[in-house]
Trainee: 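One structure, pasted below without further comment.
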Number of protein chains: 2
Amino acid sequence: MIAPALTKNQTLVFDVLSHSDGPLSAYTILDKLRDHGFRAPLQVYRALDKLLERGMIHRLESLNAFVACAHQEKACCGAHGHGTVAFAICESCGHVVEFHDHAVDHRLDDWAKQRKFKPAKTTIEIRGLCETCSA
Amino acid sequence: MIAPALTKNQTLVFDVLSHSDGPLSAYTILDKLRDHGFRAPLQVYRALDKLLERGMIHRLESLNAFVACAHQEKACCGAHGHGTVAFAICESCGHVVEFHDHAVDHRLDDWAKQRKFKPAKTTIEIRGLCETCSA
DNA sequence: CTGAGACTGTAATGTTATTACATCAATTGC
DNA sequence: GCAATTGATGTAATAACATTACAGTCTCAG
């Protein structure tokens, strides 16, 4: 099962995200792509949806923003991925660190199993101050 | 340090949330309070902010909605609370279960300590299907 | 060729949240 | 008493985020 190539719009959106040093909102992406012919939010949202499906990008729920997956180029976190992605978000500098913690995943899975809850997507986001900004 | 009484608007908003069987958006709350003189979103958002500060309600980031804290009447999850709150959200029936898992908290704290990241607020939300809806 | 499916373009609209400014009431310090 | 401060409120306008609806294009299997 080989993933099809990205379309032009998907490529443009992914490039913007992967070259950014922080999360971007859909509208910020739109603005950055006006020169490439983007005119409406839907062009961005459609591309974002596909990239999310593939696990190439992540959505930060607490920011309404998007980041490229830290495991560059591998689609590693998608359907075949290693569990839930977690984020630490610095509220001062905006920097985001993506991490995975198997123990946390396992613990949440256990909770779900006990309640017979079927998880579809799990969000873990820690907002605070990074080492640099809290110094 | 005794908490001051809730103001009229705060009380109205809290009552709506605590009598609801599911999460409500700010605008849904606004509609429910029109009869009580609410006319603008800001009246709701201001009350929500104060209630969040006290830990009497929680915000569900992945839904842009709000719920009353499950530990009724105690302000238990606020400044003196027992760590991070987690939620399981059924995407079919909308039901939300609030829970606390000390092991998960501890694990995320460890991660933060190692990176010298200072957490301010942590969001954990599992979206999926509850037992009833997946049957 | 043609019909199905996936992607695109555009406009309009819906939903969520904030900024700006004016007013009112309670509290505090002089 | 009476400024000065603080915190809550009311209203309007706007900003920010996201979706619906509809039409056109492209590709490919049959």
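Sequence lines set the chain letters: A, B, ... in the order given, protein chains first and strands last, and positions in each chain run from 1.
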Trainee: Take the protein atom OH of B:Y45 and the nucleotide atom P of D:dA15, then report the distance between them rounded to whole Å.
Mentor: 17 Å

Trainee: Under 4.0 Å between a side-chain N/O of B:N64 and OP1 or OP2 of C:dA17, yes or no?
Mentor: yes

Trainee: Testing the basics here: between A:L60 and A:V67, what is the closest heavy-atom pair and its distance to 0.1 Å?
Mentor: CD1-CG1, 4.0 Å

Trainee: Quick one: does A:H106's side chain have a donor or acceptor within less than 3.5 Å of a partner on A:H102's backbone?
Mentor: no

Trainee: Among B:V96, B:L51, B:V85, whose side chain to side chain contact (heavy atoms under 4.5 Å, CB included) with B:H58 holds?
Mentor: B:V85

Trainee: Given atom CG of A:D49 and atom P of D:dT19, what is their separation to the nearest angstrom?
Mentor: 7 Å

Trainee: Using a 4.0 Å heavy-atom cut-off to protein, can you give one letter per nucleotide of nucleotides 7-12 of chain D, 5' to 3': B if the base is in contact, S if only the sugar-phosphate is, - if neither?
Mentor: -SBBB-

Trainee: Run the salt-bridge test on A:D31 and A:R34 with the 4.0 Å N-O cut-off and return the result as yes or no.
Mentor: yes

Trainee: Hey, is the main chain of A:A40 close enough, under 3.5 Å, to the side chain of A:Q43 for a donor-acceptor pair?
Mentor: yes

Trainee: Residues from residues 21-33 of chain A sitting under 4.0 Å of DNA chain D, heavy atoms only?
Mentor: A:S25, A:Y27

Trainee: List, one per line, each side-chain donor-acceptor pair under 3.5 Å for residues 116-128 of chain A, sequence neighbours excluded.
Mentor:
| residue | atom | partner | partner atom | Å |
| --- | --- | --- | --- | --- |
| A:E125 | OE1 | A:S62 | N | 2.9 |
| A:E125 | OE1 | A:S62 | OG | 2.5 |
| A:E125 | OE2 | A:E61 | N | 2.7 |
| A:R127 | NE | A:E91 | OE2 | 3.0 |
| A:R127 | NH1 | A:S62 | O | 2.9 |
| A:R127 | NH2 | A:E91 | OE2 | 3.3 |

Trainee: Atom CD of A:E53 and atom C1' of C:dA6: how far apart are they, to the nearest Å?
Mentor: 12 Å

Trainee: Taking all non-hydrogen atoms of both residues into account, name the closest pair between A:P41 and A:L30 and its distance.
Mentor: N-CD2, 3.9 Å

Trainee: Distance check, rounded to the nearest 0.5 Å: A:L17 atom CG versus A:L12 atom CG?
Mentor: 11.5 Å

